[in-house]
Amino acid sequence: MTLPPGFFADRAETVARALIGATLLVDGVGGRIVETEAYDAMDPASHSFRGPTARNASMFGPAGHAYVYRIYGIHWCLNFVCGDGIGSAVLVRALEPLAGLDIMQARRGGLEPARLCSGPGRLCQALAIDRRLDGLPLDRPPFALLPATGAAEIAIGPRIGITRGVETPWRFCLRGSPYLSRPHAR
DNA sequence: GTATCGATGATCT
DNA sequence: GATCATCGATACC
């Protein structure tokens, strides 16, 4: 089973919401997506706001591919590109770890499950995501994306860690999940 | 429990 | 030269 064709052709805001409850695996390791954020080219918080550059090239590439970038010189962040060539993407911020717990704990120093993938940098470390995966399609190995099994109750709030575009409430969480990067506001 | 700070380097002004 | 879509350690309450 996989996500329906055209899933990533929609607006980032719509895709970010629809991804809550879906399962992300990289080489069989991963879990259920419980937190996402949307970014697009009209959005001053987005890397794509000032147009294409070497770093954000994948964000202006085809839908359904990965955009992976380094932040603060230390951590990696994983995005799913939405739309074709329009600089739109969804940041994956947190997973509920389900597959390959032992592998993820080995990569992250034997942490408790609630801390393994509860943040964009943390989940990239747990799933061994780095520059090598930038631009790769999400419907083929090492990636696997499986649809949500049931309806998810979504909490919406402001995005984390940005200084511009703060008024746009494009953070989506699985309500009440203990695996979020931070608790949701409402 | 919350607050603050340094790491660390690519990217962009 | 400034800015980061972050994290973990530390200090303090």
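Predicted, not measured: the structure shown is a model, and the values here were computed from it. Side chains included, hydrogens not; waters and symmetry mates left out as well; all remaining heavy atoms used. Residue numbers begin at 1 in each chain, while the letters A, B, ... track the order of the sequences.
Every residue two or more places apart in sequence or in another chain that forms a side-chain contact (heavy atoms from CB on, under 4.5 Å) with D139(A) is listed here: P137(A). With sequence neighbours left out, the side-chain contact (heavy atoms from CB on, under 4.5 Å) criterion links T2(A) to no other residue. Under the ring pair (Phe, Tyr, Trp, His ring centres under 6.0 Å) criterion, Y69(A) pairs with H47(A), Y67(A), not counting sequence neighbours. Residues meeting the ring pair (Phe, Tyr, Trp, His ring centres under 6.0 Å) test with F172(A), sequence neighbours left out: none. For P141(A), there are no side-chain contact (heavy atoms from CB on, under 4.5 Å) partners, not counting sequence neighbours.
Counting non-hydrogen atoms under 4.0 angstrom, I162(A) reaches the backbone sugars and phosphates but no base. Note on R108(A): only backbone sugar-phosphate atoms sit closer than 4.0 angstrom, heavy atoms only; bases stay farther off. Across all strands shown, G73(A) has heavy atoms under 4.0 Å from base atoms, whether or not it also approaches the sugar-phosphate.
Partner of E37(A) under the side chain to side chain contact (heavy atoms under 4.5 Å, CB included) criterion, out of L91(A), N79(A), V90(A): L91(A) alone.
Residue whose closest nucleotide on DNA chain C sits further toward the 5' end, between S181(A) and T163(A): T163(A). Mapped onto DNA chain B by nearest heavy atom, H75(A) and R131(A) fall at different nucleotides, with H75(A) at the one closer to the 5' end.
Applying the side-chain hydrogen bond (donor to acceptor under 3.5 Å, both in side chains) definition to pairs two or more places apart or across chains, those involving residues 23-32 of chain A are R32(A)-E96(A). Among pairs with a residue in residues 75-111 of chain A, those fulfilling ring pair (Phe, Tyr, Trp, His ring centres under 6.0 Å) read F8(A)-F80(A), at least two apart in sequence or across chains.
Side-chain atoms of Q125(A) come within 3.5 Å of backbone atoms of R107(A) as a donor-acceptor pair (strictly under, hydrogens ignored). Side-chain N or O atoms of R171(A) include none that pairs as donor or acceptor with a backbone N or O of P158(A) at under 3.5 Å. With hydrogens and angles disregarded, a donor-acceptor distance shorter than 3.5 Å links the side chain of D134(A) to the backbone of V68(A). Put simply, the side chain of R93(A) never gets that close to the backbone of R159(A): no donor and acceptor are under 3.5 Å apart. Under the 3.5 Å distance criterion, the side-chain polar atoms of H184(A) are left unmatched by any main-chain donor or acceptor of I156(A).
For the segment residues 84-97 of chain A, the set of residues with a heavy atom within less than 4.0 Å of an atom of DNA chain C comprises L91(A), R93(A), in numerical order. Of the residues in residues 48-59 of chain A, those with a non-hydrogen atom less than 4.0 angstrom from any atom of DNA chain B are R50(A), T53(A), R55(A).
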### Query
Once Watson-Crick and G-U wobble pairs under 3.5 Å are found, how is DNA chain C written in dot-bracket notation, 5' to 3', with | for any base paired to another strand?
||||.|||||||.
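Once you apply a 4.0 Å limit to the heavy atoms of chain A, the touched nucleotides of DNA chain C run 5' to 3' over dC4(C) to dG8(C). You can see that DNA chain B meets the heavy atoms of chain A within a 4.0 Å-exclusive cut from dA7(B) to dT13(B), reading 5' to 3'.
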#### Entry: Check against side chain to side chain donor-acceptor pair (under 3.5 Å), N56(A) and S48(A)
CA-CA 7 Å; N56(A) 67 20; S48(A) 58; over 6 Å; no
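Between the OH atom in Y179(A) and the CG atom in L95(A) there is a gap of 11.5 Å [rounded to 0.5 Å].
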